[in-house]
S.K.: 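Here it is, the structure, as C-alpha coordinates.
Given the structure is predicted, the values throughout are model-derived calculations rather than measurements. Throughout, protein chains are lettered first and strands after them, A, B, ... in sequence-line order, and every chain is numbered starting at 1.
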Protein chains: 2
Amino acid sequence: MPRPTRTASKSRRAYHHGNLRRALLDEALATIRAEGVEGVTLRDIGARLGVSRTALYRHFADKRALLAAVATEGFRMLRERLVAAWEEGNRGDDAFHAMGVAYVQFAVDNPSHYRVMFGGFVDAQARDPELGTEARGAFQALVDAVVALQRDGVFLAEDAVLMSTHTWALVHGVAMLAIDGQLPGPADVDALMRYSFRRLRTGILVNTGTSRVACAPG
Amino acid sequence: MPRPTRTASKSRRAYHHGNLRRALLDEALATIRAEGVEGVTLRDIGARLGVSRTALYRHFADKRALLAAVATEGFRMLRERLVAAWEEGNRGDDAFHAMGVAYVQFAVDNPSHYRVMFGGFVDAQARDPELGTEARGAFQALVDAVVALQRDGVFLAEDAVLMSTHTWALVHGVAMLAIDGQLPGPADVDALMRYSFRRLRTGILVNTGTSRVACAPG
DNA sequence: ACCTGAACACCGTTCAAGT
DNA sequence: ACCTGAACACCGTTCAAGT
(Lines give C-alpha, C1' and ligand atoms only; values in the text may rest on other atoms or scores of the structure.)
Protein backbone atom coordinates (compact mmCIF):
# COMPACT_ATOMS: atom_id res chain seq x y z
CA MET A 1 0.00 0.00 0.00
CA PRO A 2 1.58 3.30 -1.09
CA ARG A 3 2.05 5.90 1.59
CA PRO A 4 0.49 9.32 1.04
CA THR A 5 2.44 11.59 -1.26
CA ARG A 6 3.61 13.61 1.71
CA THR A 7 7.38 13.23 1.98
CA ALA A 8 9.14 12.07 5.11
CA SER A 9 10.44 15.65 5.36
CA LYS A 10 13.28 16.96 7.44
CA SER A 11 11.21 17.54 10.57
CA ARG A 12 12.93 16.23 13.66
CA ARG A 13 9.89 14.30 14.75
CA ALA A 14 7.47 12.04 12.92
CA TYR A 15 4.39 13.47 14.64
CA HIS A 16 4.52 16.72 12.76
CA HIS A 17 2.21 17.09 9.79
CA GLY A 18 -0.87 15.55 11.25
CA ASN A 19 -0.16 13.27 14.15
CA LEU A 20 0.84 15.87 16.69
CA ARG A 21 -2.55 15.45 18.28
CA ARG A 22 -1.86 11.78 18.78
CA ALA A 23 1.61 12.53 20.18
CA LEU A 24 0.20 15.12 22.60
CA LEU A 25 -2.35 12.60 23.81
CA ASP A 26 0.27 9.88 24.27
CA GLU A 27 2.64 12.23 26.07
CA ALA A 28 -0.11 13.48 28.37
CA LEU A 29 -1.12 9.93 29.21
CA ALA A 30 2.50 8.92 29.85
CA THR A 31 2.90 11.86 32.22
CA ILE A 32 -0.36 11.06 33.97
CA ARG A 33 0.79 7.48 34.46
CA ALA A 34 4.19 8.54 35.76
CA GLU A 35 3.31 11.55 37.91
CA GLY A 36 -0.47 11.88 38.09
CA VAL A 37 -2.68 14.59 36.62
CA GLU A 38 -1.06 17.41 38.54
CA GLY A 39 2.23 16.53 36.86
CA VAL A 40 0.81 17.44 33.47
CA THR A 41 2.02 20.83 32.25
CA LEU A 42 1.59 21.99 28.69
CA ARG A 43 5.11 23.38 28.72
CA ASP A 44 6.70 20.05 29.63
CA ILE A 45 4.64 18.15 27.11
CA GLY A 46 5.61 20.58 24.37
CA ALA A 47 9.25 20.46 25.36
CA ARG A 48 9.24 16.67 25.47
CA LEU A 49 7.80 16.63 21.96
CA GLY A 50 10.28 19.21 20.65
CA VAL A 51 7.46 21.59 19.94
CA SER A 52 6.42 25.01 21.16
CA ARG A 53 4.29 24.98 24.26
CA THR A 54 1.50 26.70 22.42
CA ALA A 55 1.41 24.26 19.51
CA LEU A 56 -1.10 22.27 21.52
CA TYR A 57 -3.74 24.93 21.00
CA ARG A 58 -3.94 23.93 17.33
CA HIS A 59 -5.42 20.59 18.39
CA PHE A 60 -7.11 21.23 21.71
CA ALA A 61 -9.13 24.16 22.96
CA ASP A 62 -7.27 24.17 26.26
CA LYS A 63 -5.76 21.92 28.90
CA ARG A 64 -9.13 20.61 30.02
CA ALA A 65 -9.93 19.54 26.48
CA LEU A 66 -6.68 17.58 26.40
CA LEU A 67 -7.57 15.85 29.66
CA ALA A 68 -11.08 15.17 28.38
CA ALA A 69 -9.55 13.45 25.38
CA VAL A 70 -7.38 11.37 27.70
CA ALA A 71 -10.49 10.43 29.65
CA THR A 72 -12.32 9.55 26.45
CA GLU A 73 -9.54 7.20 25.51
CA GLY A 74 -9.71 5.67 28.97
CA PHE A 75 -13.37 4.79 28.56
CA ARG A 76 -12.59 3.25 25.18
CA MET A 77 -9.88 1.07 26.72
CA LEU A 78 -12.13 0.16 29.62
CA ARG A 79 -14.91 -0.94 27.30
CA GLU A 80 -12.50 -3.14 25.38
CA ARG A 81 -11.37 -4.85 28.57
CA LEU A 82 -14.95 -5.39 29.72
CA VAL A 83 -16.08 -6.84 26.41
CA ALA A 84 -13.00 -9.08 26.25
CA ALA A 85 -13.62 -10.42 29.75
CA TRP A 86 -17.26 -11.08 28.96
CA GLU A 87 -16.55 -12.89 25.70
CA GLU A 88 -13.51 -14.83 26.86
CA GLY A 89 -15.52 -16.01 29.84
CA ASN A 90 -18.19 -17.35 27.47
CA ARG A 91 -20.87 -14.86 28.44
CA GLY A 92 -22.05 -16.74 31.50
CA ASP A 93 -22.31 -16.01 35.19
CA ASP A 94 -18.56 -16.38 35.65
CA ALA A 95 -17.94 -14.02 32.76
CA PHE A 96 -19.97 -11.39 34.60
CA HIS A 97 -17.67 -11.79 37.58
CA ALA A 98 -14.70 -11.60 35.22
CA MET A 99 -16.02 -8.28 33.91
CA GLY A 100 -16.09 -6.93 37.43
CA VAL A 101 -12.56 -8.11 38.08
CA ALA A 102 -11.41 -6.61 34.78
CA TYR A 103 -13.03 -3.31 35.71
CA VAL A 104 -11.30 -3.07 39.07
CA GLN A 105 -8.06 -4.32 37.54
CA PHE A 106 -8.15 -1.54 34.97
CA ALA A 107 -8.48 1.02 37.75
CA VAL A 108 -5.71 -0.56 39.82
CA ASP A 109 -3.41 -0.77 36.79
CA ASN A 110 -4.12 2.80 35.70
CA PRO A 111 -5.08 4.68 38.85
CA SER A 112 -4.23 8.17 37.64
CA HIS A 113 -5.86 7.62 34.28
CA TYR A 114 -8.94 6.23 35.98
CA ARG A 115 -9.09 9.28 38.21
CA VAL A 116 -9.02 11.59 35.21
CA MET A 117 -11.97 9.66 33.79
CA PHE A 118 -14.00 10.31 36.94
CA GLY A 119 -12.38 13.53 38.09
CA GLY A 120 -15.48 15.60 38.38
CA PHE A 121 -15.91 16.24 34.71
CA VAL A 122 -19.57 17.00 35.16
CA ASP A 123 -19.57 19.62 32.45
CA ALA A 124 -16.59 18.20 30.56
CA GLN A 125 -19.15 15.79 29.20
CA ALA A 126 -21.21 18.69 27.92
CA ARG A 127 -18.17 20.40 26.43
CA ASP A 128 -16.83 17.23 24.85
CA PRO A 129 -19.69 15.09 23.51
CA GLU A 130 -17.35 12.26 22.55
CA LEU A 131 -16.45 11.78 26.20
CA GLY A 132 -20.09 11.15 27.05
CA THR A 133 -20.48 8.83 24.09
CA GLU A 134 -17.48 6.74 25.05
CA ALA A 135 -18.46 6.64 28.74
CA ARG A 136 -21.92 5.43 27.77
CA GLY A 137 -20.29 2.84 25.52
CA ALA A 138 -18.37 1.34 28.42
CA PHE A 139 -21.53 1.28 30.51
CA GLN A 140 -23.40 -0.35 27.65
CA ALA A 141 -21.01 -3.32 27.76
CA LEU A 142 -22.26 -3.93 31.27
CA VAL A 143 -25.91 -3.50 30.31
CA ASP A 144 -25.51 -5.96 27.44
CA ALA A 145 -24.16 -8.60 29.82
CA VAL A 146 -26.96 -8.02 32.31
CA VAL A 147 -29.59 -8.29 29.58
CA ALA A 148 -28.07 -11.54 28.35
CA LEU A 149 -28.02 -13.02 31.84
CA GLN A 150 -31.60 -11.93 32.41
CA ARG A 151 -32.62 -13.58 29.13
CA ASP A 152 -30.97 -16.78 30.29
CA GLY A 153 -32.84 -16.65 33.57
CA VAL A 154 -29.71 -16.16 35.66
CA PHE A 155 -30.46 -12.65 36.86
CA LEU A 156 -33.80 -11.25 38.01
CA ALA A 157 -35.91 -9.86 35.19
CA GLU A 158 -35.82 -6.27 36.40
CA ASP A 159 -34.95 -2.94 34.85
CA ALA A 160 -31.61 -3.82 33.23
CA VAL A 161 -30.28 -0.26 33.38
CA LEU A 162 -31.03 0.01 37.08
CA MET A 163 -29.41 -3.35 37.75
CA SER A 164 -26.39 -2.38 35.66
CA THR A 165 -26.03 0.98 37.40
CA HIS A 166 -26.18 -0.80 40.73
CA THR A 167 -23.40 -3.13 39.61
CA TRP A 168 -21.41 -0.26 38.16
CA ALA A 169 -21.66 1.69 41.40
CA LEU A 170 -20.35 -1.33 43.29
CA VAL A 171 -17.30 -1.95 41.10
CA HIS A 172 -16.68 1.78 40.83
CA GLY A 173 -16.76 2.00 44.61
CA VAL A 174 -14.41 -0.94 45.04
CA ALA A 175 -12.07 0.53 42.43
CA MET A 176 -12.02 3.95 44.08
CA LEU A 177 -11.38 2.54 47.54
CA ALA A 178 -8.61 0.37 46.08
CA ILE A 179 -6.74 3.13 44.27
CA ASP A 180 -7.28 5.55 47.14
CA GLY A 181 -5.46 3.23 49.48
CA GLN A 182 -8.51 2.95 51.71
CA LEU A 183 -8.19 -0.81 51.65
CA PRO A 184 -5.53 -2.23 53.99
CA GLY A 185 -3.55 -4.08 51.31
CA PRO A 186 -3.57 -5.16 47.67
CA ALA A 187 -4.56 -8.69 48.59
CA ASP A 188 -7.68 -7.22 50.16
CA VAL A 189 -8.83 -5.96 46.77
CA ASP A 190 -9.15 -9.53 45.53
CA ALA A 191 -10.84 -10.67 48.72
CA LEU A 192 -13.26 -7.77 48.61
CA MET A 193 -14.07 -8.37 44.95
CA ARG A 194 -14.80 -12.05 45.59
CA TYR A 195 -17.00 -11.19 48.54
CA SER A 196 -18.71 -8.28 46.82
CA PHE A 197 -19.66 -10.27 43.75
CA ARG A 198 -20.96 -13.17 45.81
CA ARG A 199 -23.11 -10.74 47.77
CA LEU A 200 -24.07 -8.82 44.65
CA ARG A 201 -25.64 -12.08 43.54
CA THR A 202 -27.20 -13.24 46.79
CA GLY A 203 -27.44 -10.28 49.12
CA ILE A 204 -26.42 -9.83 52.71
CA LEU A 205 -29.80 -10.44 54.33
CA VAL A 206 -30.54 -13.56 56.37
CA ASN A 207 -32.97 -15.66 54.38
CA THR A 208 -36.17 -15.23 56.37
CA GLY A 209 -38.19 -13.53 53.63
CA THR A 210 -41.51 -14.68 52.15
CA SER A 211 -39.83 -16.85 49.55
CA ARG A 212 -38.36 -19.06 52.22
CA VAL A 213 -41.06 -19.06 54.86
CA ALA A 214 -43.02 -21.47 52.69
CA CYS A 215 -40.20 -23.97 52.92
CA ALA A 216 -39.49 -26.40 55.64
CA PRO A 217 -36.47 -25.20 57.62
CA GLY A 218 -33.12 -26.86 56.82
CA MET B 1 -17.69 32.55 82.68
CA PRO B 2 -14.80 35.07 82.41
CA ARG B 3 -13.15 35.30 79.02
CA PRO B 4 -9.39 34.76 78.83
CA THR B 5 -7.32 37.73 79.91
CA ARG B 6 -6.42 38.42 76.30
CA THR B 7 -7.94 41.77 75.34
CA ALA B 8 -10.17 42.25 72.34
CA SER B 9 -7.23 44.21 70.86
CA LYS B 10 -7.24 46.56 67.95
CA SER B 11 -6.71 43.87 65.35
CA ARG B 12 -9.10 44.20 62.45
CA ARG B 13 -10.14 40.58 62.62
CA ALA B 14 -11.10 38.29 65.47
CA TYR B 15 -9.18 35.29 64.14
CA HIS B 16 -5.82 36.75 64.94
CA HIS B 17 -4.17 35.61 68.14
CA GLY B 18 -4.90 31.93 67.93
CA ASN B 19 -7.86 31.12 65.75
CA LEU B 20 -6.34 31.94 62.38
CA ARG B 21 -6.03 28.22 61.75
CA ARG B 22 -9.76 27.85 62.20
CA ALA B 23 -10.44 30.84 59.94
CA LEU B 24 -8.15 29.46 57.23
CA LEU B 25 -9.96 26.15 57.38
CA ASP B 26 -13.39 27.79 57.16
CA GLU B 27 -12.32 30.03 54.31
CA ALA B 28 -10.83 27.12 52.38
CA LEU B 29 -14.00 25.10 52.84
CA ALA B 30 -16.17 28.01 51.76
CA THR B 31 -14.08 28.41 48.61
CA ILE B 32 -14.21 24.69 47.89
CA ARG B 33 -17.98 24.77 48.24
CA ALA B 34 -18.33 27.80 45.99
CA GLU B 35 -15.73 27.09 43.31
CA GLY B 36 -14.31 23.62 43.84
CA VAL B 37 -10.80 22.64 44.92
CA GLU B 38 -9.10 24.24 41.95
CA GLY B 39 -10.55 27.57 43.08
CA VAL B 40 -8.53 27.45 46.27
CA THR B 41 -5.51 29.74 46.18
CA LEU B 42 -3.53 30.65 49.24
CA ARG B 43 -3.31 34.22 48.06
CA ASP B 44 -7.09 34.66 47.84
CA ILE B 45 -7.67 33.01 51.18
CA GLY B 46 -5.11 35.27 52.82
CA ALA B 47 -6.56 38.35 51.16
CA ARG B 48 -10.08 37.41 52.16
CA LEU B 49 -8.92 37.08 55.76
CA GLY B 50 -6.99 40.36 55.69
CA VAL B 51 -3.77 38.52 56.27
CA SER B 52 -0.55 38.01 54.36
CA ARG B 53 -0.60 35.14 51.94
CA THR B 54 2.25 33.47 53.75
CA ALA B 55 0.65 33.65 57.19
CA LEU B 56 -0.88 30.27 56.43
CA TYR B 57 2.51 28.61 56.71
CA ARG B 58 2.44 29.22 60.45
CA HIS B 59 -0.44 26.76 60.76
CA PHE B 60 -0.06 24.38 57.84
CA ALA B 61 3.01 22.84 56.25
CA ASP B 62 1.73 23.63 52.78
CA LYS B 63 -1.39 23.73 50.64
CA ARG B 64 -1.82 19.98 50.70
CA ALA B 65 -1.80 19.99 54.48
CA LEU B 66 -4.60 22.56 54.43
CA LEU B 67 -6.63 20.39 52.09
CA ALA B 68 -5.92 17.33 54.22
CA ALA B 69 -7.33 19.21 57.20
CA VAL B 70 -10.42 20.06 55.17
CA ALA B 71 -10.77 16.38 54.28
CA THR B 72 -10.33 15.40 57.92
CA GLU B 73 -13.16 17.69 58.89
CA GLY B 74 -15.28 16.17 56.13
CA PHE B 75 -14.90 12.68 57.55
CA ARG B 76 -15.83 14.01 60.98
CA MET B 77 -19.00 15.57 59.58
CA LEU B 78 -19.80 12.42 57.63
CA ARG B 79 -19.47 10.24 60.72
CA GLU B 80 -21.84 12.50 62.63
CA ARG B 81 -24.46 12.23 59.89
CA LEU B 82 -24.12 8.45 59.75
CA VAL B 83 -24.40 8.00 63.50
CA ALA B 84 -27.38 10.38 63.63
CA ALA B 85 -29.19 8.47 60.89
CA TRP B 86 -28.51 5.17 62.60
CA GLU B 87 -29.72 6.33 66.01
CA GLU B 88 -32.70 8.35 64.84
CA GLY B 89 -33.81 5.35 62.82
CA ASN B 90 -33.74 3.22 65.99
CA ARG B 91 -30.82 1.05 64.95
CA GLY B 92 -32.87 -1.37 62.87
CA ASP B 93 -32.92 -2.49 59.28
CA ASP B 94 -34.50 0.78 58.16
CA ALA B 95 -31.86 2.73 60.05
CA PHE B 96 -29.21 0.95 57.99
CA HIS B 97 -30.93 2.14 54.84
CA ALA B 98 -31.14 5.62 56.35
CA MET B 99 -27.38 5.56 56.90
CA GLY B 100 -26.86 4.80 53.25
CA VAL B 101 -29.17 7.60 52.21
CA ALA B 102 -27.42 9.99 54.62
CA TYR B 103 -24.06 9.00 53.14
CA VAL B 104 -25.09 9.71 49.56
CA GLN B 105 -26.92 12.85 50.66
CA PHE B 106 -23.75 14.17 52.26
CA ALA B 107 -21.86 13.67 49.02
CA VAL B 108 -24.62 15.27 46.94
CA ASP B 109 -24.87 18.24 49.33
CA ASN B 110 -21.10 18.73 49.48
CA PRO B 111 -19.74 17.39 46.19
CA SER B 112 -16.50 19.36 46.14
CA HIS B 113 -15.79 18.67 49.78
CA TYR B 114 -16.51 15.00 49.25
CA ARG B 115 -14.12 14.95 46.32
CA VAL B 116 -11.34 16.43 48.44
CA MET B 117 -11.92 13.63 50.95
CA PHE B 118 -11.39 11.01 48.26
CA GLY B 119 -9.16 12.94 45.90
CA GLY B 120 -6.37 10.45 45.71
CA PHE B 121 -4.87 11.25 49.06
CA VAL B 122 -3.11 7.91 49.20
CA ASP B 123 -0.12 9.33 50.96
CA ALA B 124 -1.91 12.30 52.50
CA GLN B 125 -3.07 9.74 55.01
CA ALA B 126 0.54 8.89 55.81
CA ARG B 127 1.50 12.54 56.04
CA ASP B 128 -1.50 13.50 58.15
CA PRO B 129 -2.32 10.72 60.64
CA GLU B 130 -5.44 12.50 61.85
CA LEU B 131 -6.95 12.16 58.39
CA GLY B 132 -6.62 8.40 58.55
CA THR B 133 -8.01 8.33 62.07
CA GLU B 134 -11.06 10.34 61.14
CA ALA B 135 -11.67 8.35 57.94
CA ARG B 136 -11.52 5.14 59.93
CA GLY B 137 -13.94 6.68 62.44
CA ALA B 138 -16.55 7.27 59.75
CA PHE B 139 -16.09 3.72 58.51
CA GLN B 140 -16.43 2.41 62.05
CA ALA B 141 -19.92 3.88 62.30
CA LEU B 142 -20.86 1.57 59.46
CA VAL B 143 -19.15 -1.44 61.02
CA ASP B 144 -20.94 -0.84 64.30
CA ALA B 145 -24.30 -0.89 62.56
CA VAL B 146 -23.45 -4.07 60.67
CA VAL B 147 -22.31 -5.79 63.86
CA ALA B 148 -25.53 -4.80 65.63
CA LEU B 149 -27.67 -6.10 62.77
CA GLN B 150 -25.70 -9.32 62.70
CA ARG B 151 -26.20 -9.73 66.44
CA ASP B 152 -29.94 -9.29 65.93
CA GLY B 153 -29.94 -11.94 63.23
CA VAL B 154 -30.90 -9.53 60.47
CA PHE B 155 -27.66 -9.72 58.49
CA LEU B 156 -25.60 -12.80 57.72
CA ALA B 157 -23.07 -13.62 60.43
CA GLU B 158 -20.04 -13.05 58.23
CA ASP B 159 -16.86 -11.00 58.55
CA ALA B 160 -18.33 -7.66 59.60
CA VAL B 161 -15.48 -5.61 58.15
CA LEU B 162 -15.81 -7.30 54.77
CA MET B 163 -19.56 -6.78 54.77
CA SER B 164 -19.11 -3.15 55.79
CA THR B 165 -16.50 -2.52 53.13
CA HIS B 166 -18.81 -4.06 50.56
CA THR B 167 -21.58 -1.70 51.67
CA TRP B 168 -19.22 1.26 51.78
CA ALA B 169 -18.04 0.55 48.25
CA LEU B 170 -21.63 0.51 47.06
CA VAL B 171 -22.66 3.82 48.64
CA HIS B 172 -19.34 5.36 47.67
CA GLY B 173 -19.92 4.26 44.10
CA VAL B 174 -23.46 5.61 44.05
CA ALA B 175 -22.23 8.88 45.54
CA MET B 176 -19.44 9.26 43.01
CA LEU B 177 -21.69 8.53 40.06
CA ALA B 178 -24.23 11.00 41.43
CA ILE B 179 -21.85 13.92 41.93
CA ASP B 180 -20.06 13.15 38.68
CA GLY B 181 -23.28 13.62 36.77
CA GLN B 182 -23.09 10.08 35.42
CA LEU B 183 -26.66 9.49 36.48
CA PRO B 184 -29.28 10.95 34.12
CA GLY B 185 -31.03 13.11 36.73
CA PRO B 186 -31.23 13.90 40.44
CA ALA B 187 -34.41 11.87 40.82
CA ASP B 188 -32.43 8.88 39.62
CA VAL B 189 -30.19 9.11 42.66
CA ASP B 190 -33.13 8.31 44.91
CA ALA B 191 -34.37 5.57 42.63
CA LEU B 192 -30.90 4.04 42.42
CA MET B 193 -30.43 4.18 46.18
CA ARG B 194 -33.76 2.46 46.80
CA TYR B 195 -32.94 -0.22 44.27
CA SER B 196 -29.33 -0.64 45.42
CA PHE B 197 -30.26 -1.11 49.07
CA ARG B 198 -32.98 -3.59 48.25
CA ARG B 199 -30.50 -5.56 46.17
CA LEU B 200 -27.76 -5.11 48.74
CA ARG B 201 -30.05 -7.02 51.07
CA THR B 202 -31.35 -9.67 48.70
CA GLY B 203 -29.02 -9.88 45.72
CA ILE B 204 -29.69 -9.85 42.02
CA LEU B 205 -29.58 -13.58 41.39
CA VAL B 206 -32.68 -15.60 40.53
CA ASN B 207 -33.48 -17.78 43.50
CA THR B 208 -32.62 -21.22 42.15
CA GLY B 209 -29.89 -22.00 44.68
CA THR B 210 -29.85 -24.94 47.07
CA SER B 211 -31.98 -23.18 49.65
CA ARG B 212 -34.90 -22.87 47.28
CA VAL B 213 -34.66 -26.02 45.18
CA ALA B 214 -36.28 -27.85 48.06
CA CYS B 215 -39.40 -25.73 47.67
CA ALA B 216 -42.28 -26.27 45.34
CA PRO B 217 -42.16 -23.68 42.55
CA GLY B 218 -44.50 -20.72 42.86
C1' DA C 1 -2.48 25.39 8.13
C1' DC C 2 0.77 25.11 11.50
C1' DC C 3 4.08 26.69 14.67
C1' DT C 4 6.87 30.30 17.30
C1' DG C 5 8.33 33.59 21.01
C1' DA C 6 7.37 37.24 23.79
C1' DA C 7 4.17 38.87 27.04
C1' DC C 8 0.42 38.68 30.59
C1' DA C 9 -1.75 37.46 34.64
C1' DC C 10 -1.53 34.23 37.55
C1' DC C 11 0.36 30.30 40.99
C1' DG C 12 2.93 27.99 45.69
C1' DT C 13 6.82 28.58 48.43
C1' DT C 14 11.11 30.58 50.56
C1' DC C 15 13.39 33.76 53.34
C1' DA C 16 15.30 37.75 55.47
C1' DA C 17 13.18 41.14 58.03
C1' DG C 18 10.11 43.29 61.15
C1' DT C 19 7.15 43.43 65.80
C1' DA D 1 5.46 33.58 68.27
C1' DC D 2 3.43 35.57 64.53
C1' DC D 3 3.20 38.11 60.42
C1' DT D 4 5.11 40.78 56.31
C1' DG D 5 6.88 41.84 51.57
C1' DA D 6 9.92 41.01 48.09
C1' DA D 7 11.70 37.48 45.29
C1' DC D 8 11.89 32.95 42.85
C1' DA D 9 10.53 29.49 39.93
C1' DC D 10 6.83 28.10 38.10
C1' DC D 11 1.89 27.94 35.64
C1' DG D 12 -2.06 28.38 31.36
C1' DT D 13 -3.28 31.33 27.80
C1' DT D 14 -3.18 35.15 24.27
C1' DC D 15 -1.53 37.19 20.26
C1' DA D 16 1.13 39.27 16.67
C1' DA D 17 4.36 37.33 13.79
C1' DG D 18 6.61 34.10 10.91
C1' DT D 19 6.63 30.02 7.23
S.K.: Between B:R81 and B:Q105, is the side chain to side chain contact (heavy atoms under 4.5 Å, CB included) condition met? List the steps.
M.R.: CA-CA 10 Å; B:R81 307 281 176 94; B:Q105 194 62 46; over 6 Å; no
S.K.: With sequence neighbours excluded, give me every salt bridge (charged side-chain N to carboxylate O under 4.0 Å, His left out) pair touching residues 132-143 of chain B.
M.R.: B:R76-B:E134, B:R79-B:E134
S.K.: Could you state the CG-P distance from A:L42 to D:dG12, rounded to the nearest angstrom?
M.R.: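 Atom CG in A:L42 sits about 4 Å away from atom P in D:dG12.
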S.K.: Could you tell me whether the side chain of B:R43 has a donor or acceptor atom within less than 3.5 Å of a complementary atom in the base of C:dG12?
M.R.: yes
S.K.: Distance check needed: C:dT13 C1' versus B:R64 CZ, whole Å only.
M.R.: 13 Å
S.K.: Over how many whole Å does the gap from B:L56 atom CG to D:dC2 atom P extend?
M.R.: 14 Å
S.K.: Using whole Å, what does the distance between atom C1' of nucleotide C:dC3 and atom NE2 of A:H59 come to?
M.R.: 10 Å
S.K.: Using the side-chain heavy atoms of B:R53, tell me which of these nucleotides is nearest: D:dT4, D:dA7, D:dG12.
M.R.: D:dA7
S.K.: I'd like to check the side-chain contact (heavy atoms from CB on, under 4.5 Å) partners of A:A95; sequence neighbours left out, ordered by chain and number.
M.R.: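 So A:A95 forms a side-chain contact (heavy atoms from CB on, under 4.5 Å) with A:W86.
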S.K.: List for me each residue that meets salt bridge (charged side-chain N to carboxylate O under 4.0 Å, His left out) alongside B:E27, sequence neighbours excluded, and say none if there are none.
M.R.: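 Residues passing salt bridge (charged side-chain N to carboxylate O under 4.0 Å, His left out) with B:E27: B:R48.
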S.K.: Where each pair must be Watson-Crick or G-U wobble with both distances under 3.5 Å, what dot-bracket representation of DNA chain D is obtained, with crossing pairs in [ ] and other-strand partners as |?
M.R.: ||.|||||...|||||.||
S.K.: With salt bridge (charged side-chain N to carboxylate O under 4.0 Å, His left out) as the criterion, how do B:R64 and A:E38 come out once you've worked through the C-alpha distance, each side chain's angles and the decisive distance to 0.1 Å?
M.R.: CA-CA 12 Å; B:R64 286 200 304 188; A:E38 58 273 24; over 6 Å; no
S.K.: Can you sort out the partners of A:R58 under side-chain contact (heavy atoms from CB on, under 4.5 Å), two or more places apart, ordered by chain and number?
M.R.: none
S.K.: Given atom CG of B:L24 and atom C1' of D:dC2, what is their separation to the nearest angstrom?
M.R.: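 The answer, rounded to whole Å, is 13 Å.
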S.K.: Can you name the salt bridge (charged side-chain N to carboxylate O under 4.0 Å, His left out) partners of A:R91, sequence neighbours left out?
M.R.: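 Result, salt bridge (charged side-chain N to carboxylate O under 4.0 Å, His left out) vs A:R91: A:E87.
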S.K.: Check nucleotides 15-19 of chain D against the protein and report each pair of N or O atoms closer than 3.5 Å, with its distance, or say if there are none.
M.R.:
none

S.K.: Identify which nucleotide among C:dG12, D:dT13, D:dC11 has an atom closest to any side-chain atom of A:D62, counting heavy atoms from C-beta outward.
M.R.: D:dT13
S.K.: Between C1' on D:dG12 and CG on A:L66, what's the gap in Å once rounded to a whole number?
M.R.: 12 Å
S.K.: Can you tell me if the side-chain N/O atoms of A:Y57 get under 4.0 Å from OP1 or OP2 in D:dT14?
M.R.: no
S.K.: Take the protein atom CZ of B:F60 and the nucleotide atom C1' of D:dC2, then report the distance between them rounded to whole Å.
M.R.: 15 Å
S.K.: Whole Å only: how far is the CG atom of A:D44 from the P atom of D:dA9?
M.R.: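 One finds 16 Å between P of D:dA9 and CG of A:D44, rounded.
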S.K.: Once side-chain contact (heavy atoms from CB on, under 4.5 Å) is applied, do any residues pair with B:A102, and if so which ones, sequence neighbours excluded?
M.R.: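 Expected list: B:A85.
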S.K.: Respond yes when some side-chain nitrogen or oxygen of B:S52 is under 4.0 Å from OP1 or OP2 of D:dC3, and no when none is.
M.R.: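 No, no such contact exists.
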S.K.: Under the salt bridge (charged side-chain N to carboxylate O under 4.0 Å, His left out) test, which residues partner B:D93, sequence neighbours left out?
M.R.: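 Counting only residues at least two positions away or on another chain, B:D93 forms a salt bridge (charged side-chain N to carboxylate O under 4.0 Å, His left out) with B:R201.
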